[in-house]
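For clarity, every value in this text was computed on a predicted model and none was experimentally measured. The basis for the numbers below is simple: all heavy atoms, side chains too, and nothing from hydrogens, waters or symmetry mates.
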Amino acid sequence: MRAAQVKAFGGPEVLATVELPDPVPGPGEVLIEVAHADTIFVETQVRTGLFRAHFPVEPPYVPGGGVAGTVTAVGAGVDAGWVGRRVTSFVAGSYAERVTAPVTAPTPVPDGLDLRTAAALVHDGVTAAGLLEHTAVGAGDRVLILGASGGMGTLLIQLARARGARVVAAARGARKSALVRELGADAVVDVSAPDWVERARQALGRPEPTRAAEAGAEATTGTTPEAVAGTEPVAEAAADVVLDGVGGELGLSAFPLTADGGRFSAHGAPSGGFAAVSAAEAERRGVTLFGIGDVQFGEAEARRLTAHVLAEATAGRLRPVIGARFPLTEAAAAHAAIEGRDLIGKVVLDV
C-alpha cells in the first residue's frame, strides 16, 4: 500500500510517498480502507521535531491520527458484521491507504453523511465538543474564541452558539473574519489590528440589542445592530470563557479578557507554544485554567463525542469548513499549506 512517511525531522519536504506492506488485522482489530485522512496543525510541528516529550516518534514514521473509510476485514474474535461499515477512527499512522484499529475505536458514520465531512470531524469535532463540555459553556456565557477560522475554531463557533453562548470570534484578516461571521459569531475581532484586545473587550461588553431597537435603526438610518447596543445595560467587558487555540503571546494577551471567576483554556500552540498564563494570577482572580491535557479522551468518551458531532453534521446543524484537499501523494504540499496560515478551515487528505 502507499503511505506518506516522514523520513527525517524537518520541513514539509521530508514527507515522501512510500510503499509499505499491507496491514493485517490481528485479534480484536478491524482493517479500514481509508477514504480520507484528517490533518491537524500539531502534526506539522511534530514533523519538525517539536513536542517530542508528548509525541515520542522517531523517523521514519507515518504521521496522522484519524481516518474515515470502510471496514474491509476483521481479525479473530470480531463480529463479521463490521465488514462494509463506513466508520471514522482515531488511529496512529493515518496517512496511508489502509490502517488497522482495535474494534473498540471506530465510530459508524450515519447514512447521509459523506466520508470527507466525517474525516474533518475526527479530531477537531471531538476536541471542540469535549472542550465545551469541560469548560461548561452554557446559555448566556460570553465566549472568546482565538483561532476562530481554523478547523476547530469554526466548529467551536457553531457548537458554542448551539449552547446559547454569545460568541466573539478572533481571526486574522478580512477573509477569515468574514468566514467566522458567516458561521454565526455575534462579533468578530481582527487580531492583526494593533488594538485588537481593546476591540475584543468592547465586543465582550456589548449586549445584544433589542429586536425593536435593531429593526428601528436599520429602518431609519441603516445603522448596524452594534451601533444601537446601548439600548440595554452594558455588562462587564470580559469573557466568561476564553478558548485559546493559538497560544504564545496572542493567547497570553487574551488572558486579561477573562472575567474573574471565568474559565481559560490554553489548548492550542500553532504559534510554537501554549499561552504561558500565570497559575498564581489565575488563582488570585478565581479563573479556572484548562490545557491540552483536558482534551485527551479515552476510547469510550471519544466515541461518544464522535457520535454526537457526526449526528449534528448529519442533521445539518454543524458544518466543518474544509479549506483545501490534497491527494495522499501530496502530503508534503498539504503540510506546506497548513504552515502557510493562508487557508481557512482545515486540510483533508484524499486517499
Side-chain angles (χ1 to χ4, degrees), residues 1-21 23-26 28-32 34 37-67 88-106 119 122-124 126-127 130-131 134 150-152 244-248 251 265-276 289-303 305-306 328 331-332 334-336 338-339 346-347 349 351:
M1 69 168 186
R2 293 181 303 175
Q5 190 177 71
V6 173
K7 294 292 191 179
F9 289 128
E13 69 280 358
V14 303
L15 271 165
T17 304
V18 298
E19 293 284 338
L20 296 176
V24 177
E29 293 184 334
V30 298
L31 177 68
I32 301 172
V34 178
D38 177 43
T39 68
I40 55 177
F41 193 93
V42 72
E43 290 163 0
T44 69
Q45 296 173 300
V46 173
R47 189 207 66 234
T48 67
L50 286 174
F51 306 138
R52 297 182 71 179
H54 301 285
F55 301 94
V57 295
E58 293 293 335
Y61 72 92
V62 177
V67 300
T88 66
S89 184
F90 288 100
V91 57
S94 63
Y95 290 17
E97 291 180 318
R98 297 170 196 89
V99 296
T100 57
V103 70
T104 53
V122 173
H123 275 108
D124 290 336
V126 169
T127 304
L131 187 59
H134 283 321
M152 187 166 69
D244 172 24
V246 177
S265 176
H267 56 270
S271 58
F274 297 102
L289 296 181
F290 296 86
I292 190 65
D294 294 296
V295 286
Q296 306 302 307
F297 308 111
E299 277 189 347
E301 192 172 14
R303 285 200 311 274
L305 293 169
T306 302
L328 177 65
H335 272 216
I338 293 170
E339 292 174 316
K346 73 180 293 92
V347 171
L349 294 178
V351 179

Q.
Ignoring hydrogens, what is the shortest heavy-atom contact between Ala37 and Ser94? Give both atom names and the distance.
A. CB-O, 3.5 Å

Q: Could you tell me which residues satisfy side-chain hydrogen bond (donor to acceptor under 3.5 Å, both in side chains) with Thr104, sequence neighbours excluded, listed by chain and number?
A: Glu299

Q) How far does OG of Ser265 sit from CG of Asp244, to the nearest 0.5 angstrom? A) 7.5 Å

Q | Smallest separation among heavy atoms of Ala334 and Leu349, with atom names | A | CB-CD2, 3.8 Å

(Q) How close do Ser89 and Ala101 get, counting heavy atoms only, and between which atoms? (A) OG-CB, 3.8 Å

Q.
According to side chain to side chain contact (heavy atoms under 4.5 Å, CB included), who are the partners of Val42, at least two apart in sequence or on a separate chain?
A. Ile40, Gln45, Val46, Phe51, Phe55

Q. Thr88 versus Thr306: any side-chain heavy-atom pair under 4.5 Å?
A. yes

**Q.** Partners passing side chain to side chain contact (heavy atoms under 4.5 Å, CB included) against Val34 (at least two apart in sequence or in another chain)
**A.** Val67, Val99, Val351

Q: Side-chain contact test, heavy atoms from C-beta onward, threshold under 4.5 Å: evaluate it for Arg2 versus Val18 and give yes or no.
A: no

Q | side chain to side chain contact (heavy atoms under 4.5 Å, CB included) partners of Ile292, counting only residues at least two apart | A | Phe274, Val295, Gln296

Q. How far apart are the closest heavy atoms of Pro270 and Gly268, and which atoms are they?
A. CD-C, 3.5 Å

**Q.** Test side-chain hydrogen bond (donor to acceptor under 3.5 Å, both in side chains) applied to His123 - qualifying residues, sequence neighbours left out
**A.** Asp38

Q: Let me see the working for Met152 and Lys346 under side chain to side chain contact (heavy atoms under 4.5 Å, CB included), right down to the final yes or no.
A: CA-CA 8 Å; Met152 187 166 69; Lys346 73 180 293 92; over 6 Å; no

Which donor-acceptor pairs under 3.5 Å do side chains of residues 6-14 form with protein atoms, sequence neighbours excluded?
unit_1, atom_1, unit_2, atom_2, d
Lys7, NZ, Gln5, OE1, 3.1

Q.
Quick check for you: to the nearest 0.5 Å, what is the distance between Leu15 atom CG and Tyr95 atom OH?
A. 7.0 Å

Q. Under 4.5 Å between any side-chain heavy atoms of Pro23 and Met1, yes or no?
A. yes

Q | Shortest non-hydrogen contact between Val122 and Gly66, atoms and distance | A | CG1-CA, 3.7 Å

Q.
Quick check on side-chain contact (heavy atoms from CB on, under 4.5 Å): which of Leu20, Leu31, Ile32 does Arg98 satisfy it with?
A. Leu31

(Q) To the nearest 0.5 Å, what is the distance between OG1 on Thr44 and NE2 on His335? (A) 6.5 Å

Q) Which pair of heavy atoms, one from Val62 and one from Ala3, lies closest together, and at what distance? A) CG2-CB, 4.2 Å

Q | Under 3.5 Å: donor-acceptor pair, side chain of His134, backbone of Asp294 | A | yes

Q. Ignoring hydrogens and geometry, is there a side-chain-to-backbone donor-acceptor pair from Thr100 to Pro25 under 3.5 Å?
A. no

